[in-house]
A.B. asks: 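Pasting a structure below so you can have a look.
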Amino acid sequence: MPSPSTTSALRAFVATRDWDHFHTPENLAKSISIEAAELLELYQWTDNPDQQQVEDELADVVSYCIHLANRLGVDLDEIVMNKLAKTERKYPVEQNQGVINKHEPQA
């Protein structure tokens with residue numbers, strides 16, 4: 001998860017430019033999707049894209065995710081750990097280790 005200094009730097013960057021009013025949850029979600037598409041585009045015709053471009057696009061995706069979490073007032077560590085716990089229950093190791101096909105939980 002982002003360090004407090006990274007989160008603080010992102011908040012300061014937005015605040016000093018007075019961009020917070022543009023960062024609605026809807027706009028931030030759109031921006032995440034757009035930046036993720038730009039990251040994916042780097043892999044469109046190669047499995048070995050320029051590392052610096054990959055890092056830049058990944059940073060954009062993560063930055064917008066941090067902005068959205070801030071705007072929604074959620075703790076990224078908490079929501080990721082909650083989702084991980086749900087996913088662990090849904091895909092137990094004994095049914096899913098080393099296999100590409102997901103095994104849905106038994107009803």
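Sequence positions, counted from 1, serve as the residue numbers for this chain. Quick caveat: nothing in here was measured; it's all calculated off a predicted structure.
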A.B. asks: Parallel, tilted or perpendicular: which fits the ring planes of Tyr64 and His23, with parallel below 30° and perpendicular above 60°?
C.D. replies: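 Rings of Tyr64 and His23: perpendicular, as their planes differ by over 60°.
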A.B. asks: Where the side chain of Thr46 meets the backbone of Leu42, is there a donor-acceptor pair that is under 3.5 Å apart?
C.D. replies: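 No; zero donor-acceptor contacts below 3.5 Å.
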A.B. asks: Is it the case that Ser8 and Ser5 place a side-chain donor and acceptor less than 3.5 Å from each other?
C.D. replies: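 Per modelled atom types, Ser8 and Ser5 side chains form no pair under 3.5 Å.
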A.B. asks: Distance to the ring centre below 6.0 angstrom and angle to the axis at most 45 degrees; does that hold for Arg89 and Tyr91?
C.D. replies: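 Cation-pi check for Arg89 and Tyr91: fails.
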A.B. asks: Looking at Gln44, I'd like to know if its CD atom is crowded, meaning that more than 12 non-hydrogen atoms belonging to other residues, nucleotides or ligands lie closer than 6.0 Å.
C.D. replies: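 Yes, the 6.0 Å shell around CD holds more than 12 heavy atoms from other groups.
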A.B. asks: Would you name the heavy atoms of Asp47 and Pro49 that are closest together and state the gap between them?
C.D. replies: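 Heavy-atom minimum between the residues: C-CD, 3.5 Å.
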A.B. asks: Determine whether Ile79 and Leu68 fall in the same hydrophobic cluster, where Ile, Leu, Val, Met, Phe, Trp and Tyr are linked whenever their side-chain heavy atoms lie under 4.5 Å apart.
C.D. replies: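 Yes, same cluster.
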A.B. asks: Say you draw a straight line from CG of Leu28 to CG of Leu72; how long is it, rounded to the nearest 0.5 Å?
C.D. replies: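 One finds 8.0 Å between CG of Leu28 and CG of Leu72.
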A.B. asks: Just verifying a value: how many Å separate Cys65 SG and Leu10 CG, rounded to the nearest 0.5 Å?
C.D. replies: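 Taking SG in Cys65 and CG in Leu10, the distance rounds to 11.5 Å.
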A.B. asks: Consider only side-chain heavy atoms of I, L, V, M, F, W and Y, link residues closer than 4.5 Å, and tell whether Met81 and Leu76 are in one cluster.
C.D. replies: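 Result: no, two separate clusters.
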A.B. asks: Report yes or no: does Arg71 contribute a side-chain atom to a donor-acceptor pair with the main-chain N or O of Asp20 at less than 3.5 Å?
C.D. replies: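 Yes; at least one donor-acceptor contact below 3.5 Å.
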A.B. asks: Flag the pair Pro2 / Val62 as yes when at least one side-chain heavy-atom distance between them is below 4.5 Å, and no otherwise.
C.D. replies: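 No - every pair of side-chain heavy atoms lies 4.5 Å or more apart.
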A.B. asks: Enter the distance from Asn70:CG to Arg11:CZ here, rounded to the nearest 0.5 Å.
C.D. replies: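 These two atoms lie 4.0 Å from each other.
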A.B. asks: Return the minimal non-hydrogen interatomic distance between Asp77 and Asp75, and the atom names on each side.
C.D. replies: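 Of all heavy-atom pairs spanning Asp77 and Asp75, the closest is N-OD1, 3.1 Å.
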A.B. asks: Mind checking whether Lys83 and Val80 have side chains closer than 4.5 Å, heavy atoms only?
C.D. replies: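 Result no, sub-4.5 Å side-chain heavy-atom pair not found.
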A.B. asks: As an exercise, state the distance from OG1 of Thr87 to CG of Leu84, rounded to the nearest 0.5 Å.
C.D. replies: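 So the OG1 of Thr87 and the CG of Leu84 are separated by 6.5 Å.
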A.B. asks: Could you state the interatomic distance from CG (Leu39) to CD1 (Ile34), rounded to the nearest 0.5 Å?
C.D. replies: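 If I round to the nearest 0.5 Å, the distance is 14.0 Å.
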A.B. asks: Less than 4.5 Å apart, side chain to side chain, heavy atoms only: is that true for Val54 and Tyr43?
C.D. replies: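 Of all side-chain heavy-atom pairs linking Tyr43 with Val54, at least one is under 4.5 Å.
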A.B. asks: State plainly whether one hydrophobic cluster holds both Val14 and Val61, where clusters connect Ile, Leu, Val, Met, Phe, Trp and Tyr through side-chain heavy atoms under 4.5 angstrom apart.
C.D. replies: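 No, separate clusters.
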A.B. asks: Is the count of non-hydrogen atoms from other residues, nucleotides or ligands lying under 6.0 Å from Glu55 atom CD greater than 12?
C.D. replies: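 Correct, the count exceeds 12.
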A.B. asks: Rounded at 0.5 Å granularity, tell me how far CD in Gln53 sits from CD in Glu41.
C.D. replies: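 Those atoms lie 9.5 Å apart.
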